Amino acid sequence: MNVAEAQRLCLLWNVPFYSYRLPGEKDFFWGAQSGGEVLPFRGMSDVQGEEGFVAVPFRETENSPALFIRKDVSFVNETENSGIEDGLRNYRRGIDKMRMPLPGVSKEEYDKQIIAVIAALKRRTVSKVVLSRSLVVECDALERAPEWFVKLADSYPEAFVFLISVPGVMTWMGATPEIFLRQAGGLAETMALAGTRYAGEKEVWGDKEIEEQQIVSRYVEDLLNGSGEWKKKGPFSKQAGKVEHLCTSFLHSGYLSCARVDELRRKLHPTPAVGGFPTRKAMALLEQTERYERRYYAGYLGPIGPDSVFQWFVNLRCMELFPRAACLYAGGGITALSDPEKEWEETEMKSRTLLDIMA
C-alpha cells in the first residue's frame, strides 16, 4: 500500500488521517487516528509525548475548531503491512452530516470590497489588509484528491504539500510556501512572507510589494524581541511555483520550550501576512468586508514528531474538498497603493497553483 491508496481508503471509509511531503524532500508521510473523536488542539503542553498532525483555522469557531489528529497508525512512502488496510476497514464510520461549499466570490463583489478597503487605508485607520476570496469548482473532489496530491508534490517540490481529513468537519489539500513556525535539526524558524509577482521577473520589486513585506517583517521582528536570540536573514525573493514573494526568515539556535512555543504561536497568528496591520483593526475591517468564513484557509497546520520537533506552515494555496466540489481560496495584501485590477489578477495567479493540477 502506498500513500495514495491509504488516502483513498480513508476518504472512502471516513477515517481521520493526514498526509504530507515536506519542502525539498522526497518522502511521503501518512498517518491515521484509529479510534475516538479527533480532539481540539489546545497547545504543545497538552500533547507532550504524542505524535500527530495539527490544523488550526484562521479564526477558531464551533464549526472550525483547532484539531489534533493522533498518529495511531502510520508509514512512510509505502508499506507491506496488510494489517493496516484491515485496520482501516474496521475503523470505518458513518458521518452525521456532510459539509457543502458556500458560493464563491465574484469579480464584481471582490472589486467592490477592494475599493472599500483602499478607502479605509487612505483614511489611515489601518496600513494593510489581506483580502481573500473563494472559488468553487464542481468536480469529484474526494475521488480525485489522491491523484491531485501526487501532482501537487511533483509540481511544487519546494512547498509543503498536504492532504488531511477529519470526516464531518473538514477535508483540505494544498501546497504552501510559507513557514509559520517550526523547530527541527536544532533550530527554530519563522518567516515574514509577503508581496507577489510572476516568478523570473527581472525588474526591481515595486513600492507596494516592498511596503507590504516590510510591514510583516517589522511586526514579526518586534514580536520576537525578548523571545531569545533570533537571527534575521533577508529580505530575499522566494519562488512558489509560478509566482515569487519577498521573504525574511528568522532563525533561533536551540529548541524552544513547549510554553514558549505556545506563547509564540498565539502571538504570531494571524500575522499581517494573512490578516493585516494593526492586527485588531485589520481583523475588524476584514470581518465587515469578507462575506464568508475562511475556515482553515490562512490558518496553520503541520506535523508534531518526537522530541519537541514540529513543522507548521501557513495554509495557503489550498482548497477545501467536498464530494462534488472543491472550494479554492486566494488573497492578497491591500495597501493604499493597491490597484483593484492588479489585486484580482494576483488572486487569479495564485489560484493557478491548484487549478492547473485539477485539469
Side-chain angles (χ1 to χ4, degrees), residues 18 20-25 27 29 41 44 53-58 66 130 152-153 156-162 164 172-196 199 212-224 227-241 243-256 258 260-275 296-305 308-318 329 331 333 350 353:
Y18 60 87
Y20 64 90
R21 198 277 325 272
L22 290 169
E25 299 189 9
D27 288 332
F29 294 83
F41 176 67
M44 287 290 288
F53 195 97
V54 166
V56 176
F58 183 66
V130 181
L152 270 180
Y156 303 100
E158 298 305 317
F160 176 71
V161 178
F162 65 91
I164 63 171
W172 283 72
M173 169 185 285
T176 175
E178 184 173 353
I179 295 166
F180 172 68
L181 184 64
R182 70 178 179 184
Q183 60 181 20
L187 293 173
E189 182 180 7
T190 186
M191 68 170 47
L193 190 78
T196 305
E212 182 186 346
Q213 201 273 339
Q214 285 177 342
I215 290 170
V216 183
S217 183
R218 284 195 299 265
Y219 174 87
V220 174
E221 188 170 11
D222 289 346
L223 186 151
L224 294 176
S227 297
E229 293 296 326
W230 291 83
K231 187 175 181 180
K232 177 181 172 183
K233 179 184 176 182
F236 53 89
S237 296
K238 180 178 174 62
Q239 188 168 341
V243 301
E244 61 186 2
H245 310 280
L246 278 169
C247 178
T248 302
S249 65
F250 300 87
L251 297 171
H252 178 280
S253 296
Y255 283 178
L256 306 170
C258 288
R260 183 55 60 85
V261 170
D262 286 334
E263 177 190 2
L264 280 179
R265 72 180 185 87
R266 292 188 180 101
K267 288 182 176 179
L268 281 169
H269 179 63
T271 71
V274 295
Y296 295 86
Y297 166 67
Y300 61 91
L301 75 177
I304 295 178
S308 299
V309 169
F310 64 89
Q311 307 220 39
W312 298 335
F313 297 81
V314 182
N315 190 10
L316 306 174
R317 313 295 191 276
C318 59
Y329 295 83
K350 290 175 176 176
T353 298

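Given the structure is predicted, the values throughout are model-derived calculations rather than measurements.
- Shortest non-hydrogen contact noted between Pro270 and Tyr219 is O-OH, 4.4 Å.
- Ring to ring, Trp230 and Phe250 are not that close: their centroids are 6.0 angstrom or more apart.
- Between Tyr20 and Phe29, the gap from one ring centroid to the other is short of 6.0 Å.
- If you take OG1 on Thr176 and CG on Leu193, they are separated by 8.0 Å, rounding to the nearest 0.5 Å.
- One distance of note links SG of Cys318 with CD1 of Ile164; it measures 10.0 Å at 0.5 Å rounding.
- No side-chain heavy atom of Phe53 sits less than 4.5 Å from a side-chain heavy atom of Ile304.
- Side-chain atoms of Asn315 come within 3.5 Å of backbone N or O of Tyr296 as a donor-acceptor pair.
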Full working for side chain to side chain donor-acceptor pair (under 3.5 Å) between Gln213 and Thr248: CA-CA 9 Å; Gln213 201 273 339; Thr248 302; 3.0 Å; yes
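- Separating the CG atom in Leu251 from the CG atom in Leu187 is a distance of 6.0 Å, to the nearest 0.5 Å.
- In this pair, Phe313 and Phe160 present their aromatic rings parallel. The plane angle is below 30°, not in the 30 to 60° band.
- Ala199 and Gly241 make their closest contact through CB-O, 4.0 Å (heavy atoms, listed as atom of the first residue, atom of the second, distance).
- When atom types are taken as modelled, the side chain of Tyr255 and the backbone of Gly185 share a donor-acceptor pair closer than 3.5 angstrom.
- Taking CH2 of Trp312 as the start and CZ of Phe180 as the end, the distance is 7.5 Å to the nearest 0.5 Å.
- Closest approach of Glu221 and Lys232 over heavy atoms only: OE1-NZ, 3.2 Å.
- His252 places a side-chain N or O within 3.5 Å of a backbone atom of Gly254 that can act as its donor or acceptor partner.
- Checked by atom type, the side-chain pair Ser249/Glu189 shows no donor-acceptor distance below 3.5 Å.
- From Leu268, atom CG reaches atom CG of Leu224 across 6.5 Å, with rounding to the nearest 0.5 Å.
- A donor-acceptor contact shorter than 3.5 Å links the side chain of Gln183 to the backbone of Ser308.
- Note: Tyr329 and Trp172 meet the aromatic proximity criterion, with ring centroids under 6.0 Å apart.
- A heavy-atom distance below 4.5 Å is found between the side chains of Val274 and Leu316.
- Taking the charged nitrogens against the carboxylate oxygens, Glu263 and Lys267 do have a contact shorter than 4.0 Å, which makes a salt bridge.
- Using modelled atom types and a 3.5 Å distance limit, the side chains of Arg265 and Tyr300 yield a donor-acceptor pair.
- Note that CE of Met44 and CG of Leu256 are 9.5 Å apart. Values are rounded to the nearest 0.5 Å.
- Contact detail for Arg21 and Ala153: the closest heavy-atom pair is NH1-O, 3.1 Å.
- Annotation: side chain of Pro177 is in contact with side chain of Arg317 (closest heavy-atom distance under 4.5 Å).
- By the 6.0 Å and 45° rule, Lys238 does not stack over the aromatic ring of Phe236.
- A 4.5 Å side-chain heavy-atom check between Val56 and Leu301 finds every atom pair outside the cut-off.
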